[in-house]
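Down below is the structure, laid out as structure tokens.
Only this structure's heavy atoms are used, side chains among them; waters, hydrogens and symmetry mates stay out. On a predicted model such as this, the values are computed, not experimentally measured, just so you know. Remember, it's 1-based here, ligands and their atoms both numbered in the order they're listed.
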Amino acid sequence: AADRPLVRIVIVGHVDHGKSTLIGRLLHETGGIPQQKLDQLKAISARRGMPFEWSFLLDSLQAERDQGITIDTSQIRFRTASRDIVLIDAPGHAEFLRNMITGAAQADAALLLIDAAEGVRDQTRRHGYLLHLLGVKQVAVVVNKMDRVDFAEPAFRAIEAEITAYLADLGVRASAVIPISAREGDGVSERGARTPWYAGPTVLEALDGFDPARAPGDLSLRLPVQAVYKFDDRRIVAGRIETGSLKVGEEIVFQPSGKTAVVKTIESWPVPPAGQERTALRAGAAAAITLDREIFVERGEIISTPASRPHAARRLRVRLFWLADEPLETGTPVIVRLATSEARAHVGTVYQVVDPGHLSTSQENRIGRNQVGEVELVLSRPVAVDPQGVNPRTGRLALEVGGRIAGGGLVISVLDQEAARP
Ligand code: GDP
């Protein structure tokens with residue numbers, strides 16, 4: 001039915017703690033994998049004298065996909081009782097961050113996986129911190145491989161206490177902490193018979209309990225310009241509506257240039273019969289529009305309504321996660337990517353440095369690899385931007401050094417004097 005809410009969930013955890021296994025298991029138990037396929041892979045494993053691994057299954061699905069068949073294993077879809085789920089795998093920090101920040105993998109909620117025998121590791125804490133940093137507020141913790149600790153309650157409770165305390169310090173409440181064995185199938189869609197001491201939800205039930213994101217359509221209009229095409233003598237402005245909606249006849253403003261115009265037409269292809277042209281578009285839609293006047297606008301600008309426009313700003317306070325080997329310090333040059341805009345920038349002040357492994361603040365004025373901090377970014381020119389609290393889509397940015405993603409984060413506030421509002 002059309003009214004089933006869609007929830008996008010990112011799955012994170014230390015490598016080898018069992019992400020692939022849990023994903024394969026979830027897909028199987030919700031009917032997403034033909035039994036025949038499973039039998040076939042089990043037979044191949046047996047012939048090779050190797051144990052069956054759910055990660056083989058995902059790899060083989062990926063191989064099929066490369067040949068043009070169905071499943072994208074970085075974005076797995078299945079259904080719970082009341083929700084449609086998109087489960088996003090985050091292979092590593094860099095990919096995760098890039099995907100989250102570019103919006104390719106904007107997640108409403110997260111599963112944080114921990115190996116019961118290994119416990120909470122630095123990488124686990126970093127992932128927790130990253131979720132907090134990216135504003136993911138709904139987190140369920142999955143304690144996997146309970147078979148390795150004989151399904152013992154004390155081992156589970158110790159991990160539960162440690163991780164909930166860590167997340168609570170970040171202001172994140174774990175909606176559940178679930179003991180499972182992904183490989184053996186306990187606690188995923190069926191209540192684990194070997195954890196009679198546990199009364200909480202299964203993984204599938206926890207997924208079913210997550211709230212979908214606030215609809216992007218409810219926020220103010222933000223349409224980052226991807227390209228401007230000259231077509232005959234018309235100029236077509238194209239992009240994707242990140243939030244809000246757009247109507248023919250409406251007055252719009254481009255930031256940072258501040259130019260205004262009225263939306264004349266919404267173009268679509270194939271050209272609809274006369275009288276059936278589109279007159280409105282909502283968040284998520286690709287938009288190609290013409291304007292009532294000739295103005296010069298560029299890729300990177302953001303379209304909004306005059307009453308609720310993003311800032312045109314050059315100085316930002318940003319909370320960021322740093323991934324590059326070279327530390328980030330006052331003066332470090334970076335390229336800032338924000339929606340479709342790109343600008344040169346450097347670090348002004350370093351306000352704060354946090355080691356997410358231990359949540360300790362350091363007095364040092366440099367942000368090392370895998371650290372988090374708050375800095376002032378000084379851009380070479382104004383860009384259109386919102387504080388994250390105002391608009392999550394246009395309030396996050398990625399940083400590049402030497403053509404590679406080096407970090408990313410959230411815009412906490414705009415520091416320009418002239419941007420200060422009464
Ligand atoms: P990933 O790197 O997080 O994707 O981890 P994988 O899913 O590839 O699992 C890593 C290893 O842990 C594999 O050998 C799995 O068979 C094993 N594993 C996964 N889940 C369980 C479990 O519940 N119990 C045990 N004992 N091993 C598991």
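Among all protein heavy atoms, the one lying closest to atom 4 (O) of ligand 1 is S20 OG, 2.6 Å. The nearest protein atom to atom 3 (O) of ligand 1, hydrogens excluded, is given as K19 N, 2.7 Å; this is a heavy-atom distance. Among protein heavy atoms, atom 2 (O) of ligand 1 sits closest to D16 N, 2.8 Å. Here the heavy atom of the protein found nearest to atom 18 (N) of ligand 1 is K145 CE, 3.6 Å.
The existence of a salt bridge linking R191 and D186 is excluded, since no basic side-chain nitrogen approaches an acidic carboxylate oxygen closer than 4.0 Å. The existence of a salt bridge linking E29 and R25 is confirmed by a sub-4.0 Å separation between a basic side-chain nitrogen and an acidic carboxylate oxygen. Taking the charged nitrogens against the carboxylate oxygens, D208 and R83 have no contact shorter than 4.0 Å, which rules out a salt bridge. Note on R369 versus E326: no salt bridge recorded, every NZ/NE/NH1/NH2 to OD/OE distance being 4.0 Å or above. Salt-bridge formation is not detected for the pair E242/R222: no Lys NZ or Arg NE/NH1/NH2 atom is positioned less than 4.0 Å from an Asp or Glu carboxylate oxygen.
Residue contact annotation: G13 has no non-hydrogen atom under 4.0 Å from ligand 1.
Within the cation-pi definition used here (under 6.0 Å to the ring centroid, within 45° of the axis), R317 qualifies as a partner of Y351.
T202 and S189 share no side-chain donor-acceptor pair at under 3.5 Å.
Polar contact with ligand 1: absent for R148 (N/O pair, distance under 3.5 Å). Between S181 and ligand 1, an N or O atom pair is found at a separation short of 3.5 Å.
Among G18, G187, G185, A182, the residue whose heavy atom lies closest to atom 23 (O) of ligand 1 is A182. Here atom 13 (C) of ligand 1 lies nearest to E53 when heavy atoms of E53, H17, H14 are compared. Of the candidates T21, I23, D147, the one placing a heavy atom closest to atom 19 (C) of ligand 1 is T21.
Counting heavy atoms under 4.0 Å from ligand 1, residue N144 touches it through the side chain alone.
Side chain of S308 to backbone of S220: no donor-acceptor contact under 3.5 angstrom is found.
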